[in-house]
Visitor: 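Could you have a look at this structure, given as structure tokens, before my questions?
Just so we're on the same page: letters track the sequence lines, and every chain starts at 1.
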Number of protein chains: 2
Amino acid sequence: MSENPTPRRQRAAPRRDQLVASALALFVREGFHGVGIDRILAEAGVAKMTLYKHFRSKDELIVAALMRRDSDYRNWLMREVDRQTDKPNEALVAYVDAVRLWCRNPDFNGCTFINAAAEFRTPDHPVHRAAAEHKQAVFAFVENLAKDAGLVNPKRIAMQVRLLVDGATVMKQTTGSEEGFLVARDSVVKLIAAARK
Amino acid sequence: MSENPTPRRQRAAPRRDQLVASALALFVREGFHGVGIDRILAEAGVAKMTLYKHFRSKDELIVAALMRRDSDYRNWLMREVDRQTDKPNEALVAYVDAVRLWCRNPDFNGCTFINAAAEFRTPDHPVHRAAAEHKQAVFAFVENLAKDAGLVNPKRIAMQVRLLVDGATVMKQTTGSEEGFLVARDSVVKLIAAARK
DNA sequence: AATTTGATATACCGATCTGTATACTATAAC
DNA sequence: GTTATAGTATACAGATCGGTATATCAAATT
């Protein structure tokens, strides 16, 4: 009769989720130093003490927000690449197109993790580390795409693609132009053609 | 007998220069929001009122610091590329090596302009605009290198090189690895080989 | 010598920042 | 019904923020 078969340990924490979601949205739009906790609390409709019951500091909330962003982004990316093509040798190009699509989002403000590393520059700062881990995870994803395509030296191809895409992302943010993605895309096409086994 | 032939208008303003220099050094190390004007004043040994006689706001000081950074960086870059090679078809590779060298500086904390655009995200903000103008100027420099090398479609080559280098810079800042620059360098070598007339 | 100029020191303003303390409330478990 | 639990509201602490006001001072101009 019990509606929940797993007896203890609810693990819902809806307030925490609300806090992370509101914080993330604000951080993405206006930066980490640019948003105070009071704004976050107002947006989330949560009391201040609740925040400090779930997180020991604002930095901890930032890290949690970045972890959610990482998860959201990589999940979206995988689905989008899958959606675009099921041919392994087209997946890398689909990846570039997917990122371009992502950056077309109206409230795009540059790669959130590049921004995080820019605002928290010390390499051992938890926020900086979270950004580094995200970059590493995305690289691993792209490397797998290159492996699945059966290309020679997939790690090298993956890095080239990552450099081009991060460069295009930076260009889009600073100058507003999408041209970098088009150039990156063509470069990747040629890269793949040259790396066919 | 007059030691200065141009009579009026001395234009020295040493305090202003000191302020800009100290501000820039601190901004590079700890970010724009991360450094308050009091720290800058203490570092420069200048009174607060002097700052506000030369600049209307902190943002104006930031823009001035970025303009100096732009000038310092581009001058250094031109000299370094010249120093490395006098053969036009090697200059683009020398450019990549030069940026790698620049990023080896012990107090490197990512591209100052990418960081500026990350902290001031609104495209019409003066600081963001200064960052965009710097990127544009660097692109023009690289494009000229490509033209001097007599490559086909120099604009396109220049953009590919710029994407790779910005990507490598981001990688170096986030993960600390210099590998991006090595991959970028090799990619540029192959790019040039394929674009020989 | 008188005056303008550029810079100084110091105090202060209101706002905002992260984080804490305290007391109250609703819900759910035992 | 009693008691934890989770959250709320409010106030406040201590610091720092960007920026201003005022009064003084030294040097250079006239």
Visitor: Without swapping roles, check the side chain of A/Gln18 against the backbone of A/Gly45 for a donor-acceptor pair under 3.5 Å.
Guide: no
Visitor: Please give, in whole Å, the distance from C/dT18 C1' to A/Arg39 CZ?
Guide: 16 Å
Visitor: For A/Leu19 and D/dA6, give me the distance from atom CG to atom P, rounded to whole Å.
Guide: 15 Å
Visitor: Could you give the NE2-to-C1' distance, from B/His54 to C/dA7, as a whole number of Å?
Guide: 9 Å
Visitor: By nearest atom, which of the nucleotides D/dT8, C/dT8, C/dT18 is closest to the A/Thr50 side chain?
Guide: D/dT8
Visitor: Give the rounded distance in Å between these two atoms: CE of B/Met49 and C1' of D/dA21.
Guide: 8 Å
Visitor: Between atom CG in B/Asp17 and atom C1' in C/dA7, what is the gap in whole Å?
Guide: 16 Å
Visitor: Under 4.0 Å, heavy atoms only, any strand: does B/Gly45 hit a base, just the sugar-phosphate, or nothing?
Guide: sugar-phosphate
Visitor: Report the residue (A/Gly36 or A/Lys53) whose heavy-atom-nearest nucleotide on DNA chain C is the more 5′ of the two.
Guide: A/Gly36
Visitor: Ignoring hydrogens and angles, does a donor from either the side chain of B/Lys48 or the base of D/dG19 sit under 3.5 Å from an acceptor on the other?
Guide: yes
Visitor: Compare the minimum distances between each of C/dA9, C/dT18, D/dT8 and the side chain of B/Ala47, then state the nucleotide with the smallest one.
Guide: C/dA9
Visitor: Take the protein atom OH of B/Tyr52 and the nucleotide atom P of D/dT22, then report the distance between them rounded to whole Å.
Guide: 18 Å
Visitor: Has the side chain of B/Ser71 got a donor or acceptor atom that lies under 3.5 Å from a matching backbone atom of B/Met67?
Guide: no
Visitor: Under 3.5 Å, is there a donor-acceptor pair between the side chain of B/Asp166 and the main chain of A/Val170?
Guide: no
Visitor: What's the closest nucleotide to the A/Lys58 side chain, out of D/dT8, C/dT8, C/dG19?
Guide: C/dG19
Visitor: Using the side-chain heavy atoms of A/Asp38, tell me which of these nucleotides is nearest: C/dA21, C/dT8, C/dT18.
Guide: C/dT18
Visitor: May I ask you to check whether over 12 heavy atoms, not counting those of A/Glu179, lie within 6.0 Å of atom CD?
Guide: no
Visitor: Return the value, rounded to whole Å, for the distance between atom CD1 of A/Ile40 and atom P of C/dT16.
Guide: 16 Å
Visitor: B/Asp59 has an atom CG; how far is it from atom C1' of D/dC17, in whole Å?
Guide: 13 Å
Visitor: On the nucleotide D/dT8, are OP1 or OP2 found under 4.0 Å from the side-chain N or O atoms that A/Arg15 carries?
Guide: yes
Visitor: Please work out whether the ring planes of A/Phe32 and A/Phe120 are parallel, tilted or perpendicular, with thresholds of 30° and 60°.
Guide: perpendicular
Visitor: Quick one: which of D/dG7, D/dT20, C/dG19 gets closest to the side chain of A/Ile37?
Guide: C/dG19
